[in-house]
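Structure record follows, encoded as structure tokens.
All figures in this text were calculated on a predicted structure; none of them were measured in a lab. Below, read A as the first sequence line, B as the second, and so on, with proteins coming before strands; counting in each chain starts at 1.
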Protein chains: 2
Amino acid sequence: MKVLPEKTVERLSKYRRILNVEYERGERYIFSHELANLLHLTSVQVRRDLMLIEYSGSHKRGYEIKSLIEHIGNIIDPKGDINIVIVGMGNFGKAIAHYFNKRGKHYKVIAGFYRNASHCSTVFDGIPCLPISELQDFIQKNDVKMGVITVPPQQAEIVMHQLVEAGIKGILNYTPKPLKVPEGVFLEEYDVITSFEKVNYFIG
Amino acid sequence: MKVLPEKTVERLSKYRRILNVEYERGERYIFSHELANLLHLTSVQVRRDLMLIEYSGSHKRGYEIKSLIEHIGNIIDPKGDINIVIVGMGNFGKAIAHYFNKRGKHYKVIAGFYRNASHCSTVFDGIPCLPISELQDFIQKNDVKMGVITVPPQQAEIVMHQLVEAGIKGILNYTPKPLKVPEGVFLEEYDVITSFEKVNYFIG
DNA sequence: ACAATTATGTTAGATGTTTAACATTGCAAA
DNA sequence: TTTGCAATGTTAAACATCTAACATAATTGT
């Protein structure tokens with residue numbers, strides 16, 4: 001299958017979560033317009049996305065929820081588990097750690113890192129909290145694939161370099177400091193301040 | 001001036017933050033390619049954005065930092081202060097509250113809300129924490145313009161309705177539950193889980 | 001004074017994404 | 001059987017965004 005558009009991948013993630021809810025509620029089939037309504041999209045967009053992942057429904061009953069969940073999983077889920085580290089165990093880092101501790105099926109936050117580990121109580125929410133000095137060694141020994149950066153912005157760049165050098169392939173930067181990663185590493189950035197200023201602009 | 005593209009508004013926010021740093025460092029002029037490098041963009045994109053906001057530089061010295069900062073402020077900053085409430089004072093809500101407490105010039109987080117306010121210590125980081133039952137009343141009495149939703153996903157929709165009814169014009173939804181707001185309200189959504197799954201897909 | 005240089009400013013084309021229009025299918029009712 | 005309906009599947013147009021190419025202008029060196 002050809003590489004999917006970013007926006008389609010994002011929606012696949014959301015489709016599946018909704019589908020799981022519907023399946024739990026006892027539903028077995030769903031129409032494109034129903035799925036669309038649940039996500040506030042159009043049915044055309046849903047069908048187009050499913051076309052791109054080469055999934056077919058039936059004209060009378062729509063899409064079979066269970067097999068669609070599996071189909072999406074085959075596309076967006078990792079083969080085994082993905083080990084994650086969070087660098088910067090402030091409120092933001094803790095929020096993410098907590099989130100995946102409850103929900104993450106394939107995604108395991110296996111450690112948090114802090115400037116000096118004594119500040120962050122040794123274990124948060126079951127996740128060990130280590131000093132940043134051990135970061136690179138830990139990543140290589142534990143086959144860590146993804147890293148989350150939630151340190152103060154001044155430290156973001158150095159942390160990014162450490163992650164990349166240690167062999168990490170995916171980085172989520174929740175710092176306002178813009179980063180640039182080398183070829184072969186995927187970077188996702190989200191900047192809270194920018195979001196607020198954008199919202200304010202469009203409120204007008 | 002015509003309404004700006006979303007992406008341009010986002011970059012303006014980032015331009016200004018970088019420009020402030022440069023100004024603090026003693027710089028007074030900056031070239032488009034310098035600004036671009038600091039943000040990992042192209043100089044063309046910078047110049048195009050500045051064209052859209054009708055700001056001109058000089059051929060020999062580039063852009064005058066101070067006046068550009070002001071120019072961007074005139075476009076994206078609110079007239080007075082923007083009062084913000086955060087609904088859901090978990091780690092995520094606290095992270096945002098803390099952020100704006102330190103940095104926000106025009107954006108004031110004036111209250112956090114929690115299901116029952118006794119859980120959240122009465123004041124977090126100088127911000128009063130109130131029970132959700134007082135939400136709507138508080139918004140109307142304090143001219144709150146923006147609301148942040150960081151509650152568990154099941155409660156997101158009802159909270160959104162409360163915010164809208166109370167007259168809020170901008171909503172940031174950090175819940176995985178997709179929301180739909182009425183005409184005239186601007187909604188920004190960010191879904192952590194989706195971001196992780198997207199990164200994983202493109203690590204491939 | 002004037003070419004060369006090096007920036008900015010602008011327009012047009014390329015790309016990514018969404019929306020709209022249309023074709024197709026399978027069932028149900030006449 | 002065949003006609004109508006209500007869904008899916010596909011293609012094409014519209015829209016948003018980014019990139020590349022070009023035009024313009026100010027300064028410097030000769």
Those residues that, when tested against T194(B), pass side chain to side chain donor-acceptor pair (under 3.5 Å) (two or more places apart): S13(A), R17(A), D191(B)
Please examine the side chains of E197(A) and R16(B), heavy atoms only from C-beta on, and report whether any two atoms are closer than 4.5 Å. yes
Do the side chains of L35(B) and L19(B) get nearer than 4.5 Å, heavy atoms only? yes
Should the pair R28(B)-E22(B) be classified as a salt bridge under the 4.0 Å nitrogen-to-oxygen rule? no
Scoring nucleotides 25-30 of chain C by protein non-hydrogen atoms under 4.0 Å (B base, S sugar-phosphate only, - none) yields BS----
Please work out which residues in residues 61-76 of chain B have a non-hydrogen atom less than 4.0 Å from an atom of DNA chain D and list them by number. none
Identify, between M51(B) and H33(B), the residue whose nearest nucleotide on DNA chain C lies closer to the 5' end. H33(B)
In whole angstrom, what separates Y29(B)'s OH from dT8(C)'s P? 13 Å
Quick one: L52(B) CG to dT11(C) P, roughly how many Å, whole number? 12 Å
Base, sugar-phosphate or nothing for S56(B)? Non-hydrogen atoms, less than 4.0 Å. sugar-phosphate
Going by the rule side chain to side chain donor-acceptor pair (under 3.5 Å), which residues pair with R47(A) if we only count those two or more places apart in sequence or in a different chain? S32(A), S43(A)
Could you check which residues of residues 172-195 of chain B get a heavy atom under 4.0 Å from DNA chain D? Sort them by number, please. none
Nucleotides bounding contact with chain A, strand DNA chain D, heavy-atom threshold 4.0 Å: dA7(D) to dA12(D)
Below 4.5 Å, heavy atoms only, C-beta onward: do L4(A) and M1(A) meet side chain to side chain? yes
Compute both the distance and the angle, then confirm whether K94(B) meets the cation-pi test with F124(B): under 6.0 Å from the six-membered ring centre, within 45 degrees of the axis. yes
How would you list all residue pairs meeting disulfide bond (SG atoms under 2.5 Å apart) that involve residues 172-204 of chain B, not counting sequence neighbours? none
Flag for D81(A)-Y107(A): side-chain donor and acceptor within less than 3.5 Å: no
Sequence neighbours excluded, which residues qualify as side chain to side chain donor-acceptor pair (under 3.5 Å) partners of E189(B)? N173(B)
Can you give one letter per nucleotide of nucleotides 17-23 of chain C, 5' to 3': B if a protein heavy atom sits under 4.0 Å from the base, S if only from the sugar-phosphate, - if neither? SSBB---
Please name all residues satisfying side chain to side chain donor-acceptor pair (under 3.5 Å) with H71(A), sequence neighbours left out, ordered by chain then number. none
When you compare the side chain of L163(B) with that of V144(B), does any pair of heavy atoms fall below 4.5 Å? no
Suppose we screen for side-chain contact (heavy atoms from CB on, under 4.5 Å). Which residues come up paired with K145(A), at least two apart in sequence or across chains? I82(A), D143(A)
Quick one: are R11(A) and L41(A) in side-chain contact, heavy atoms under 4.5 Å? yes
Does a side-chain heavy-atom distance below 4.5 Å link I53(A) with I72(A)? yes
According to ring-ring contact (aromatic ring centres under 6.0 Å, His included), who are the partners of F92(B), at least two apart in sequence or on a separate chain? F92(A), Y174(B)
What contact category does S58(B) fall into here, base, sugar-phosphate, or nothing, at under 4.0 angstrom with non-hydrogen atoms? sugar-phosphate
In whole angstrom, what separates I30(B)'s CD1 from dT8(C)'s P? 10 Å
